[in-house]
S.K.: 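Once you've had a glance at the structure underneath, I'll fire off some questions.
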Amino acid sequence: MKHISRFTFSIALVLLSFAGNAQKTTTKKDSIPVKKERYGLRLGVDLFKLTRSFYETDYRGLELVGDYRLTRRHYLAGEIGNETKTVDDDQVNFTTKGTYLKVGFDYNSFQNWGNMENIISVGLRYGVSSFSQTLNSYQVYNPNPYFGESPVIISGEKFDGLSAQWVEVVAGMKAEVFNNVFVGFSVRLNRLVSQNRPDNFDNLYIPGFNRTYNGDFGVGFNYSVSYFIPFYKATVKAKVKAKEKNKKKKK
């Protein structure tokens, strides 16, 4: 009887030992890893417009870009710049000059791991532009070209106080190449909301909006380099994977 009691007591100790180990293992598995993410301001410049000014004689432009991280996924973003562009078409030659501001947000759809801070984003902007246009020259349309081409008329007429507003859908990415230094690019589809047209002319090019197509639509592109200025860090608990949850439920 004593032997049976000792054997039973030994079995109980072994079971309690396994239970304790299992509880420790479960506690470790259930513990949620913690990491810290940085929040701050990123400022930079559009290299596409900057370099374009060197190889295109009829273009001058500069655009500053920036974003501020609001949440884990959302960023307040914007661009400010100025452009001078001369367009030489078959019938008209004109120069547009002005400044613009675009404000909106980006949503980061990229799931970073470790200490990565890369961004693959979609977003929206609302843009406003104030500009002037100078009609350098134009050619009167000739419905009967067999009798000779119409002469080119030098104008020099200037239209001041022009403005335009638009919305744009943005898709892009940013990657950290050095410590706090990011490079990125974005493509944009623009839709005019309102514009102030000059008399007897049209806004064929709008600073910040680019060339207008079919009246109200435009496209844009930028290639930027920026520097991240961290303000603070926030502790974030990583989500438990769905597979681990399912295993625990089965157990």
S.K.: Of F131, F201, F94, which meets ring-ring contact (aromatic ring centres under 6.0 Å, His included) against F159?
M.R.: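 Only one of F131, F201, F94 forms a ring-ring contact (aromatic ring centres under 6.0 Å, His included) with F159, namely F201.
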S.K.: Identify whether the distance between the nearest side-chain nitrogen and carboxylate oxygen of K49 and E63 falls below 4.0 Å.
M.R.: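 Yes, this pair counts.
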S.K.: Would you say M116 ends up clustered with F228 if hydrophobic residues are merged whenever their side chains have heavy atoms under 4.5 Å apart, either directly or through other cluster members?
M.R.: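 In one cluster with F228: M116, no.
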S.K.: So that I can tick it off, tell me whether K174 and E117 are bridged by a salt bridge, with the cut-off set at under 4.0 angstrom between side-chain N and carboxylate O.
M.R.: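 No salt bridge links E117 with K174.
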S.K.: Is a side-chain N or O of N190 found less than 3.5 angstrom from the main chain of V167, in a donor-acceptor match?
M.R.: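 A pair under 3.5 Å: no.
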S.K.: Residues two or more places apart in sequence or in another chain: which of them pass salt bridge (charged side-chain N to carboxylate O under 4.0 Å, His left out) with D199?
M.R.: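 Salt bridge (charged side-chain N to carboxylate O under 4.0 Å, His left out) check on D199 returns nothing, list empty.
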S.K.: Just by distance, no angles: are the side chains of T86 and N136 close enough, under 3.5 Å, to form a donor-acceptor pair?
M.R.: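 No donor-acceptor contact under 3.5 Å links the two side chains.
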S.K.: Under 3.5 Å, is there a donor-acceptor pair between the N222 and S186 side chains?
M.R.: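 There is such a pair between these side chains.
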S.K.: Would you please name every residue forming a salt bridge (charged side-chain N to carboxylate O under 4.0 Å, His left out) with E157, sequence neighbours left out?
M.R.: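 Partners of E157 by the salt bridge (charged side-chain N to carboxylate O under 4.0 Å, His left out) criterion come out as none, since no residue qualifies.
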S.K.: Show your working on salt bridge (Lys or Arg N to Asp or Glu O under 4.0 Å) between R73 and D106 and close with a plain yes or no.
M.R.: CA-CA 8 Å; R73 297 287 189 178; D106 288 330; over 6 Å; no
S.K.: Taking atom types as modelled, is there a side-chain donor on N112 or R72 under 3.5 Å from an acceptor on the other?
M.R.: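 Distance-only check fails for N112 and R72.
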S.K.: Would you call the rings of F209 and W166 parallel, tilted or perpendicular, where under 30° means parallel and over 60° means perpendicular?
M.R.: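 Taking W166 first and then F209, their aromatic rings stand perpendicular (interplane angle over 60°).
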S.K.: Could you pull out the closest heavy-atom pair between V65 and S224, with the gap in Å?
M.R.: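 Shortest heavy-atom contact: CG2-CB, 4.0 Å.
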S.K.: Does a side-chain N-to-carboxylate-O contact under 4.0 Å join R211 and D89?
M.R.: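 Looking at D89 together with R211, the answer is yes, because their closest N to O distance falls below 4.0 Å.
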S.K.: Side chains of N210 and V219: closer than 4.5 Å at any heavy-atom pair?
M.R.: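 Side-chain contact under 4.5 Å: no.
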S.K.: Taking all heavy atoms of R42 and all of I119, pick out the closest pair and write down the distance.
M.R.: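 Shortest heavy-atom separation between R42 and I119 comes out as NH2-CD1, 3.0 Å.
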S.K.: Using only atom types and a distance under 3.5 Å, with no angle test, would you say the side chain of N196 pairs donor to acceptor with the backbone of A164?
M.R.: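 Checked: no pair found.
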S.K.: Does CZ belonging to F178 count more than 12 external heavy atoms closer than 6.0 Å?
M.R.: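 At most 12 heavy atoms, drawn from other residues, nucleotides or ligands, come within 6.0 Å of this atom.
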S.K.: Quick one: does L50's side chain get under 4.5 Å of L62's, heavy atoms only?
M.R.: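 The answer is yes; the side chains approach within 4.5 Å.
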S.K.: Taking E83 first and then R60, would you say they form a salt bridge - that is, a charged N and a carboxylate O separated by under 4.0 Å?
M.R.: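 Salt bridge absent between E83 and R60.
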S.K.: Do T71 and R69 get their side chains close enough for a donor-acceptor pair, meaning under 3.5 Å?
M.R.: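 There is no such pair between these side chains.
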S.K.: Measure the NZ-CG distance between K97 and L162 for me, rounded to the nearest 0.5 Å.
M.R.: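 That separation rounds to 14.0 Å.
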S.K.: Rounded at 0.5 Å granularity, tell me how far CZ in F182 sits from CG in N118.
M.R.: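 F182 atom CZ to N118 atom CG measures 6.5 Å (nearest 0.5 Å).
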S.K.: Aromatic ring centroids of F105 and Y75 under 6.0 Å?
M.R.: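 So the answer is no for these two rings.
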S.K.: Decide if the gap between the ring center of F48 and the ring center of F221 is smaller than 6.0 angstrom.
M.R.: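 So the answer is yes for these two rings.
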S.K.: Is there a path of hydrophobic side-chain contacts, each under 4.5 Å between heavy atoms, that joins Y59 and V92?
M.R.: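 Same hydrophobic cluster.
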S.K.: Answer yes if the ring centres of F231 and Y39 are under 6.0 angstrom apart, and no otherwise.
M.R.: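 Ring centres of Y39 and F231 not closer than 6.0 Å.
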S.K.: Could you tell me which non-hydrogen atom of L76 sits nearest to which non-hydrogen atom of G104, and how far apart they are?
M.R.: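 Closest approach of L76 to G104, heavy atoms only: CD1-O, 3.3 Å.
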S.K.: Ring of F217, cation from R191 - is the NZ or CZ under 6.0 Å from the centre and inside 45° of the axis?
M.R.: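 Yes, R191 lies over the aromatic ring of F217.
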S.K.: Taking all non-hydrogen atoms of both residues into account, name the closest pair between K158 and S132 and its distance.
M.R.: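 Minimum heavy-atom separation between K158 and S132: CE-OG, 3.9 Å.
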